[in-house]
Amino acid sequence: MGETVELEDFVQLTNDQDICLRELKSGVNALVTGSAGTGKSFVISEFIRWCGSTGKNVMVTAPTGIAALNIGGTTLHRAFRVPLEVLNLDYPTLSAISNECDEIVRKLPRRGEEDESALLHTDVIIIDEISMCRIDLFDYIAVRVLALKYYRQRVGKQAVQVVLVGDFLQLPPVIIPKDKEVLYHIYGGDCGRGYAFQSRFYGEFGFKCLNLREVVRQKDAEFSRKLRDARVGFTASLSYFTDKQANGVIKDGITLTGKNKTAFEHNSRELEKIKGKEVVYTARETGTVKNSDKANTDLVSLKVGARVMSLVNGENYSNGSLGTVVGIKDNTNRTVVVEFDSGGIANIEPYDWEVYSYEYDKEEKSFNKVVVGTFTQIPLKLGYAITIHKSQGQTYDSVNIDPVCWEYGQLYTALSRCKSVDKMHFLSPLKNYYLKAAPEVVKYYLSVREKG
């Protein structure tokens, strides 16, 4: 018999990534975290690939539809059948979990009985972009996953492995004023930004913190060091970015801004400046597609000469690549010809985004990821401006940053989108109060570092 070859032998892993992957393969519940650009998604994709090769059933999820599409998974709401409104679990104490679990377990099938619930046959649950998962949503999911532990013990299986992925020091969960009032009532006081790690059930999983430290996005050591300082809210780092930025507005750089309205108006204004025919692309849907599942808008307006961003990967471009429309073909799909900044010209046609769910086939006794709907649209959007929230997870060659930020992790997220500090420009002066790191997150990371 030949020598066994591990999957990671075929890919280039940093030392941190290699350690992280081996820990995940051991079956521990884990938080895969680290600053922007450390390759969290890369490690998880390799782990998912390994799980597939070993016959493990993996449920890949994320709090938002766009994040779910990016990882080829489904939303937490769809996977766990979560109601969309604020979740009032009304647990007075941690011990109340046993009552909830007992009730769920009582309804679960016994050994030898068949059940069509995919969740009962899931070996690994991955939750990406965990920083965006609000405390009440995590509570709802945690109770059901902990109940699964009892079920799997009863049928002779190991407990489901839970892997969280993301950086709590980037963008926090969204809490509108109305929800905040309800959350205050549920939790008997102010729960701050309601991070998942603040859940009363978080500690029940014993998550091992796997912190990736080696930055692969930025090659400049000083730039990486200053980004680490900005990540934890050290305002002294801002002078570095001010001094090292590009001298003026970068012509083809995308603008990052905190407000949807600002991004929309900037894109519309720049498109209007271009003379020529405007072509409108209308989306199509099949099956079950929610608004949160849509990777693009229902209507996309383009002109020859417009700056655009790709929303998918291609042969010579990737999700987030910027380019210029150099032609629109008069064919059935009205193919868009784009010259990308990274080099090369590509013919872009409408793209089918598939919306997934997980099912268990009782007859075939198989765990399957199934398509429940499709959203078809040209995979391009105007590339003059984008909100900082929508830029999370992206990498750009050059950016113009509107630094007026008010949210925890918002400015850091913007600063870390670019590969090089001299390829960014600030549209107004940096103010110290724009840079904010959530104190509860810093405290949490310090606590897990001391434990580990």
Side-chain angles (χ1 to χ4, degrees), residues 20-21 23-33 40-41 43-65 67-82 87 97 100-101 104-105 108 115-155 157-166 168 173 195-197 199 201-210 355-360 366-370 372:
C20 179
L21 183 56
E23 288 280 4
L24 293 177
K25 289 167 62 175
S26 74
V28 299
N29 290 339
L31 166 64
V32 178
T33 190
K40 297 182 287 293
S41 296
V43 171
I44 292 303
S45 66
E46 290 305 309
F47 176 58
I48 294 171
R49 190 161 65 123
W50 175 83
C51 287
S53 72
T54 57
K56 289 182 178 291
N57 295 330
V58 184
M59 185 175 285
V60 184
T61 67
T64 67
L69 285 172
N70 289 339
I71 58 175
T74 189
T75 62
L76 287 168
H77 284 81
R78 183 174 277 114
F80 289 88
R81 296 183 174 89
V82 183
L87 306 165
I97 186 175
E100 176 75 5
C101 287
I104 295 175
V105 171
L108 294 175
D115 188 273
E116 59 187 22
S117 171
L119 197 57
L120 297 180
H121 298 274
T122 302
D123 300 308
V124 181
I125 296 173
I126 294 173
I127 305 178
D128 197 19
E129 298 291 3
I130 188 60
S131 72
M132 302 288 286
C133 180
R134 214 167 62 185
I135 183 173
D136 53 323
L137 176 57
F138 188 85
D139 278 351
Y140 186 93
I141 292 164
V143 170
R144 278 137 190 84
V145 174
L146 290 169
L148 283 178
K149 177 180 178 181
Y150 294 106
Y151 165 72
R152 292 176 72 88
Q153 287 175 346
R154 194 166 69 191
V155 299
K157 293 183 178 180
Q158 291 183 336
V160 64
Q161 180 184 8
V162 181
V163 178
L164 312 180
V165 188
F168 287 115
Y195 293 97
F197 64 80
S199 164
F201 306 128
Y202 189 84
E204 294 291 301
F205 293 91
F207 291 114
K208 186 168 186 177
C209 184
L210 303 176
V355 180
Y356 297 109
S357 185
Y358 292 90
E359 292 181 359
Y360 181 75
S366 60
F367 178 92
N368 307 304
K369 184 170 74 171
V370 297
V372 297

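Heavy atoms only, all atoms of each residue included: Ile130 and Ala196 are closest at CD1-CB, 4.0 Å. What you find for Ala62 and Ala67 is that their closest heavy atoms are CB-CB, 3.6 Å. Here the closest heavy-atom approach between residue Val163 and residue Phe47 is recorded as CG2-CE2, 4.1 Å. Between His77 and Leu137, the shortest heavy-atom contact is CE1-CD2, 4.0 Å. Annotation for Ile141 and Phe80: closest pair CG2-CZ, 3.5 Å, computed over non-hydrogen atoms. When all heavy atoms of Val43 and Cys20 are compared, the closest pair comes out as CG1-SG, 3.8 Å.
Residues Phe168 and Phe197 bring their aromatic ring centres within 6.0 Å. A distance below 6.0 Å separates the ring centres of Tyr358 and Phe367.
Under a 3.5 Å cut-off, the side chain of Gln161 and the backbone N or O of Asn29 do not form any donor-acceptor pair. At distances below 3.5 Å, not a single donor-acceptor pair connects side-chain atoms of Tyr360 with backbone N or O atoms of Thr122. A distance-only check finds a donor-acceptor pair linking the side chain of Thr61 to the backbone of Ile126 [under 3.5 Å]. Under the 3.5 Å distance criterion, the side-chain polar atoms of Lys369 are matched with a main-chain donor or acceptor of Gly72.
Of the options Val58, Leu119, Asn57, a side-chain contact (heavy atoms from CB on, under 4.5 Å) to Ile125 is made by Leu119 and by none of the others.
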